[in-house]
Undergrad: 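Here it is, the structure, as structure tokens.
Numbering of ligands and ligand atoms starts at 1, following listing order. Worth knowing before you read on, the calculation uses all heavy atoms, side chains too, and leaves out hydrogens, waters and symmetry mates. Positions are given from 1 along the sequence.
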Amino acid sequence: MKTIIEPFRIKSVEPIRLTSRPERERLIAEAGYNLFGLHSDDVLIDLLTDSGTGAMSSQQWAAVMRGDESYAGSPSFARFEAAVKNLMPFRHVIPTHQGRAAEAILFAIFGGAGKCIPSNTHFDTTRGNIEASGARGDDLVIAEGKDPQRLHPFKGNMDLEKLEAYLEKHRDAVPVVMLTITNNAGGGQPVSLANIRAVAGLAHRFGKPFVIDGCRFAENAWFIKTREEGQAGRSIPEIVRDCFSVADGMTMSAKKDAFGNIGGWLALNDDALAEEARGHLIRTEGFPTYGGLAGRDLEALAQGLSEIVEEDYLRYRIRTNEYIVERLVAMGVPVVRPAGGHAVFIDARAWLAHIPPLEYPGQALAVALYEIAGVRSCEIGTVMFGRAPDGSEHPAAMDLVRLAFPRRTYTQSHADYLLEAFEDLAARKDALRGYRIVKEPKLMRHFTCRFEKL
Ligand code: F0G
């Protein structure tokens with residue numbers, strides 16, 4: 001059969017409230033044209049993020065009931081720990097309430113003034129935690145990874161020459177080498193197993209620990225299996241184990257590839273570092289056998305980790321994005337190619353070329369998509385990155401709009417509806433106008449700023 005179906009049936013449903021276009025125009029105007037300001041029940045298809053928004057399986061809900069809420073030594077922790085170690089063979093697994101809490105602990109240990117921390121691309125909370133410690137984060141992704149139209153099977157790869165030069169130059173100032181799989185900020189693009197091994201090799205040659213941000217590890221492993229030479233015949237768990245066996249630690253948001261609505265962890269091999277990390281954990285998150293989570297959350301994650309590596313699921317998951325990207329390309333919509341693992345990224349700067357970056361073409365596209373179809377997306381461009389710490393404003397490197405797909409939540413007819421919205425948009429895009437920011441906070445303005453239509 002050619003049709004790749006959703007490999008599940010639906011036992012429990014959440015109704016979507018249908019809204020009219022005039023209603024949506026009023027609602028988004030009231031929210032100051034900021035999509036973060038909408039009530040989610042006024043959204044038809046919510047593609048704001050794939051984080052914590054996925055559907056849990058019947059087996060996960062059953063596991064929730066088994067959750068043991070003991071403060072110390074809960075068997076739910078033992079099951080969670082075993083599920084993590086089955087895929088990621090680290091000595092110490094430290095549960096946190098989500099990914100950024102693991103990052104905060106990691107950089108409380110490794111950060112500090114004068115330190116330099118390289119990655120392919122740091123996610124914004126990772127960078128935030130690095131910078132809050134006084135350290136600097138640097139992004140060394142390959143050149144192809146910064147060019148939306150350029151095709152490359154592993155656009156998330158680290159530039160190895162740049163990393164080597166960086167390690168030579170900053171030698172003593174580098175406490176740890178990081179790598180994000182998949183590279184979310186660069187379009188959900190994967191990193192090859194060869195690149196993961198080479199980054200580990202370089203880090204170790206310079207005597208540095210190597211830590212993977214593993215949020216979308218299963219999607220990354222699927223890309224390795226389907227795109228990397230010699231990997232096709234291997235199982236996903238085998239590939240995942242290979243990826244992590246060369247690392248000294250990992251941070252994880254279990255809201256992505258662990259099918260959790262909440263959760264995360266920090267894993268480490270080094271006993272002394274793990275002891276230090278647990279000290280931070282007890283102060284900020286909780287006792288080491290629950291961290292920032294309830295026993296029932298740990299159970300849901302343990303079960304989720306066994307489901308996320310299923311090939312039927314991953315085939316359907318990745319195919320969803322490819323399906324949308326293929327049709328958008330056929331319509332002439334410029335998108336980041338090839339399709340990423342968790343999201344489709346529209347190049348709004350190229351598509352709405354009549355709107356200059358400082359009038360926020362990504363915001364114009366995201367608002368129009370909501371007004372026309374009730375779809376919520378996220379601007380990743382000049383609104384998000386345009387304000388410098390010194391108060392000046394500059395165009396970001398790209399003006400993208402991200403359509404991130406919650407796991408197991410929407411069906412193909414939702415994808416077709418989205419594509420119909422883009423057909424409508426294509427016909428009227430030249431009439432779209434840019435925006436002006438009328439109110440913004442000092443930091444992370446994209447979450448709360450208010451706009452006016454120009
Ligand atoms: N690292 C990556 C690569 C991420 O994508 C995220 C979250 C985090 C770390 C932080 O994890 O949210 O559990 O604290 N990304 C979400 C997103 C928010 O929408 O891409 P968290």
Undergrad: Between CG of Leu35 and SG of Cys378, what distance do you get to the nearest 0.5 Å?
TA: 8.0 Å
Undergrad: Evaluate side-chain contact (heavy atoms from CB on, under 4.5 Å) for His414 paired with Thr409, printing each intermediate quantity in order.
TA: CA-CA 10 Å; His414 294 106; Thr409 303; over 6 Å; no
Undergrad: Mind checking what makes ring pair (Phe, Tyr, Trp, His ring centres under 6.0 Å) contact with Phe90, not counting sequence neighbours?
TA: none
Undergrad: For residues Asp147 and His152, is any side-chain donor paired with an opposing acceptor at under 3.5 Å?
TA: no
Undergrad: With sequence neighbours excluded, tell me which residues meet ring pair (Phe, Tyr, Trp, His ring centres under 6.0 Å) with His97.
TA: none
Undergrad: For ligand 1, what are the residues with a heavy-atom contact below 4.0 Å?
TA: Thr49, Ser51, Gln98, Gly99, Arg100, Glu103, Phe123, Thr125, Thr180, Asn184, Asp213, Cys215, Arg216, Ser253, Lys255, Lys256, Arg402
Undergrad: Sequence neighbours left out, what pairs pass ring pair (Phe, Tyr, Trp, His ring centres under 6.0 Å) with at least one residue falling in residues 282-304?
TA: Tyr71-Phe287, Tyr71-Tyr290
